[in-house]
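Ligands are counted one by one from 1 in listed order, and the atoms in each one are counted from 1 as well.
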Amino acid sequence: MATYPRIVVSPPGPVARSFLEKDEQSLSPSYERYYPLVVESAQDCIVRDVDGNEYIDFNAGAACMNVGHNHPKIVSAIKNQCDRFLHYSNAGFYYKEVIQLAEKLAEITPGTFEKKTYFGNSGTEAIEAAVKLAKWHTRKQLLLGFVGAFHGLTVGALSITASKPVQRRHFLPLMPGVVHVPFPYCYRCPFKLGHPECHCWCVDFIEEFVLQKYVSAEDLAAIVFEPIQGEGGCVLPPPEYFPRLKRLADKFGLLLIDDEVQSGVGRTGKWFAIEHWGVEPDIICCAKALASGLPLGATVAKANIMDWTAGSHASTFGGNPLSCSAAIAVIDVIKEEKILENAKKQGDHLLKRLSALGEECELIGDVRGKGLMVGVELIEDKESKKPASRKATDIMTRSWKRGVALVTCGASTLQMSPPLTINRETLDVALEIVEDVITEVSRET
Ligand SMILES: Cc1ncc(COP(=O)(O)O)c(C=O)c1O
């Protein structure tokens, strides 16, 4: 008999409300909160709010808690590190934790070639480093990015981000030299074609239009992509897409920068999502789940590409010992507890159940994903496929009020990304609630 979720007071309760007022007075209004969940504590797949409500976490703290909240081995690794030393900048000195983590990352990232790693503090910083490295190594200035992409919000990363206009508004001009091309979003093909008859025209388009009419491949340093666009709506390219993109990159000598900030560290049932397409990128960026909630970004590159000189890039806290100790423990726990296998198993079940609901529910347009990175795109009706944005927000909020903390992404997609440790029983309890809410909202007009 499941004991979760447990709603003891309709959220947001009185304690949460008292914090919301203070938050509004003292925090930057630029944060875009999904709903007023004020967290008190969390353990594995359960999050408890300040009023004592307990939710099944279908958001995993913004896809960061892949091994579950407060995994005892991670907490113990952090505590042990605390007892030894908290900081001694890797930018100017040495300590073993960064070295050990870099070695482990070289093992788990695709490709058996030699690799080197740069450490920063976030996903955005991992992208910034990748972009600067690609420019340094190639001595070229231009980048190819994708419409719908999210790579972060600092000026360099934001120049490649093309997810929501609000993120760029009033900040232009950004870093020059980024050319955005359509992403293979087959459910809403930007070229209004159908897969597989299209033969991935979106790849040929880059060669036949962008490279022939707009930018010279000789000036292009790299293609920056997410294997699965997360913020953009859990958008999944078809099987031949990345092998085709890799052939194009090889033909024109372009580097492939793979942003695995959200899809990496086991989220999709493989260490890195690009492995589903069998492609080995030149540079991989990861962050979020890497240190299980502590700030850490890693830019892992082929050793011959990471050839910049001392002084060309660094950051005081990048690769701090607490985060590195946590990340080493994360990688060990994923291996020891067979978490990749669980992500695949539970993810297949999640996809199957929601796809079955999609067959009979007018509100569900598309169900897609890999492992425990699954999106349910909601539409007004199957003919117009108009994004049902308001209904998606409504389902998200009602699910939360009933004890499942999930969020939306893209225009109208429900994002299902629980910790990868979730078991079948907890997953099914959460799914009952979410399916119930979807059905309820679809019956209301
Ligand atoms: C794919 C991707 N890249 C980069 C980022 C930026 O990471 P951070 O928020 O850690 O700076 C995110 C954050 O959501 C992301 O999803």
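Under a 4.0 Å criterion applied to the non-hydrogen atoms of Lys288, ligand 1 contributes the atoms 13 (C), 14 (O), 16 (O). Taking every heavy atom of Val261 and a limit of under 4.0 angstrom, the matching atoms of ligand 1 come to 2 (C), 3 (N), 4 (C), 5 (C), 7 (O), 12 (C), 15 (C).
If you check which protein heavy atom lies closest to atom 16 (O) of ligand 1, you get Gln262 NE2, 3.2 Å. In this structure, the protein non-hydrogen atom closest to atom 9 (O) of ligand 1 is Thr124 OG1, 4.3 Å. Protein heavy atom closest to atom 2 (C) of ligand 1, with residue, atom name and distance, is Phe150 O, 3.2 Å.
With a 4.0 Å cut-off on non-hydrogen atoms, Glu125 does not touch ligand 1 at all. With a 4.0 Å heavy-atom cut-off, ligand 1 is reached by the side chain of Glu226 but not by its N, CA, C or O.
The aromatic rings of Trp400 and Tyr55 lie parallel to each other, their planes meeting at an angle below 30°, with 60° marking the opposite boundary.
Side-chain N/O atoms of Thr408 and Gln415 include no donor and acceptor closer than 3.5 Å.
Of the charged side-chain nitrogens involved, at least one lies within less than 4.0 Å of a carboxylate oxygen, so that Lys73 and Glu336 count as a salt-bridged pair. Between Lys251 and Glu207 a salt bridge is recorded (basic side-chain N to carboxylate O distance below 4.0 Å). Under the 4.0 Å criterion applied to side-chain N and carboxylate O atoms, Lys140 and Asp219 are not assigned as salt-bridge partners. With salt bridges taken as basic N to acidic carboxylate O contacts below 4.0 Å, one links Arg353 and Glu435.
At a 3.5 angstrom cut-off on N or O pairs, Gly123 counts as close to ligand 1. For a threshold of 3.5 Å applied to N or O pairs, the pair formed by Gly152 and ligand 1 contains no separation below that value. Polar contact with ligand 1: present for Asp259 (N/O pair, distance under 3.5 Å).
If you look at Tyr214 and Phe209, their ring centroids are not closer than 6.0 Å.
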